[in-house]
Amino acid sequence: MIKAEHLHKSFGDNEVLSDITTTIEDGEVVTVIGPSGSGKSTYLRCLNLLETPTKGKIWIDDVEVTDPKSDIMKVRENIGMVFQHFHLFPHLTVRENITYAPMKVKGKSKAEANQIADRLLEQVGLSDKADAYPSRLSGGQKQRVAIARALAMEPTAMLFDEPTSALDPEMVKEVLDVMKSLADSGMTMIIVTHEMGFAREVADRVLFLDEGKLVEEASPVTFFENPKTERAQDFLSKIL
Amino acid sequence: MGLDFAALAPSYPFILRGIWVTLQIVAVAAVLGFLFGVILSLMKIGRFTFLRWIADAYTSVFRGTPLVLQLMIIYFGLPQVLGIEIAPFVAAFSAFALNSAAYVSEIIRAGINAVDQGQKEAAQALGISYGEMMKDIILPQAMKNILPALMNEFITLTKESAIVTTIGVMDIMRRAYIVGGETFSYFEPLLFAGFIYYCLVMVLTVLGRLVERRLRQSD
């Protein structure tokens with residue numbers, strides 16, 4: 001369970017998030033949508049403390065991670081993150097990208113880590129790329145490796161920050177397919193996305209953010225067919 | 001009158017033996033200066049204001065005063081304060097290492113800052129500690145970017161090492177100068193010394209290109 005309570009985030013005078021309260025249950029798939037600049041990514045980045053909230057609390061299971069005494073590194077170990085621009089380590093091969101953190105952070109042996117890498121690469125359909133460097137991969141392949149790298153830490157939840165926004169259109173599907181099967185496997189997922197079809201199909205719940213506020217929260221069917229707020233109606237009318 | 005390099009022939013071995021002296025000073029200074037430079041650069045980008053302040057002040061002083069002055073302070077000045085004699089060789093590589101560290105730290109700092117911020121975030125998101133992130137993720141990428149600048153610094157170091165002549169170290173430069181004095185013709189030995197320095201720099205340049213090519217294997 002990931003819980004945010006009265007979350008605020010400001011950059012200088014600019015308030016990016018304002019009083020966000022959410023609870024994400026285990027196994028739930030939640031998509032976060034909204035216009036650009038609405039604070040979606042900042043919300044996501046606050047959850048694993050890549051951004052430090054200005055105010056408010058975050059709980060992961062029963063631990064308050066915003067408590068200064070809590071071990072941030074431990075929190076991050078258990079929450080995987082996938083970025084818009086992949087951020088693979090360019091000087092390491094695909095296999096090394098995946099095995100590095102399990103070995104260094106979790107103390108796995110090289111053999112164990114390699115086993116994990118092989119299994120995950122098969123899962124994302126890139127077994128043949130294990131020894132390639134990231135620069136040799138297409139965008140879709142890079143993102144699938146990034147997903148495998150995050151999964152290698154055996155996280156309890158995964159955060160996706162616009163995972164398909166930097167991809168050529170023909171590569172979006174291969175990444176979404178991987179995410180879909182991950183969702184089917186019961187992984188807790190929070191996904192910031194502009195892919196409305198995907199949000200509708202895969203999500204258990206949709207969060208709609210606008211100007212830093214959580215404006216609407218509903219099941220995908222309700223949200224897409226019957227949005228309650230005017231701002232959600234306006235947003236959907238522009239993009240659908 | 002013309003140049004007479006043949007008359008210089010008996011002195012060639014004497015001057016050439018200076019290569020070893022020059023190389024020793026440059027090698028020791030380059031290694032120490034690089035290591036110290038890495039430490040200084042980490043102090044500069046770290047979160048401790050006090051360490052940052054020290055590293056900045058250090059760089060400012062060592063870049064803001066002449067190298068030959070630093071060398072003379074170490075060789076002639078320090079013994080007066082410390083009460084111990086400092087061997088010319090030790091004074092030479094110390095001065096160059098301390099001076100080079102100031103420049104190297106700036107090069108590395110810029111190289112670290114040029115690494116995509118996303119690399120740091122990806123490492124953090126995986127729970128990788130700051131130290132491991134620097135050592136295995138950020139610095140290797142920074143090194144690739146700064147290699148040309150770093151090579152430039154080593155080349156400068158090689159050439160500038162000639163000023164150890166002023167404290168009596170028997171390097172290439174001093175030997176050429178001595179031969180000039182003994183034969184009453186300076187032009188030929190000095191030209192010969194210049195030729196040696198040029199060759200050393202060329203070797204460094206080629207080495208740098210080889211290393212660069214190796215590091216580019218992941219592109």
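As the structure is a computational prediction, the values presented were derived from the model and not from experiment. We use all heavy atoms of the structure for the numbers below, so side chains are in, but hydrogens, waters and symmetry mates are not.
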Next item on the list: First locate atom NE2 of A/H85, then atom CD of B/Q119, and finally report the distance between them rounded to the nearest 0.5 Å.
Entry: 13.0 Å

Note to self: Would you compute the distance between atom CD1 of B/I137 and atom CG of A/L92 and round it to the nearest 0.5 angstrom?
What the structure shows: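 Answer rounded to 0.5 Å: 5.5 Å.
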
Should the heavy atoms of other residues, nucleotides or ligands under 6.0 Å from [atom1] of [X] be counted, would the total exceed 12?
X      : atom1 : result
B/E212 : CD    : yes
A/K106 : NZ    : yes
B/E85  : CD    : no
B/Y198 : OH    : no
A/F11  : CZ    : yes
A/D62  : CG    : no
B/R52  : CZ    : yes
B/Y197 : OH    : yes

Notebook entry, point to check: Which atom names give the shortest non-hydrogen contact between A/P90 and B/Q141, and what distance separates them?
Noted result: CG-OE1, 3.3 Å

Margin query: I need the minimum non-hydrogen distance between A/F83 and B/A122, along with the two atoms involved.
Written below: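 So the minimum-distance heavy-atom pair works out to CE1-CA, 3.7 Å.
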
Does any backbone or side-chain atom of [X] lie under 4.5 Å from a heavy atom of chain B? Answer side chain, backbone, both or neither.
X      : value
A/Y100 : side chain
A/L159 : neither
A/I79  : backbone
A/R149 : both
A/F89  : both

Side chain proximity check, [X] to [Y], heavy atoms < 4.5 angstrom:
X      : Y      : answer
B/K135 : A/K104 : yes
B/E121 : A/M81  : no
A/R76  : B/L126 : no
A/H91  : B/K144 : no

Item checked: Max heavy-atom pair count under 4.5 Å with chain B, selected residue of A/T93, A/L50, A/I72, A/N48 ->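 Result: the option with the highest number of such pairs is A/L50.
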
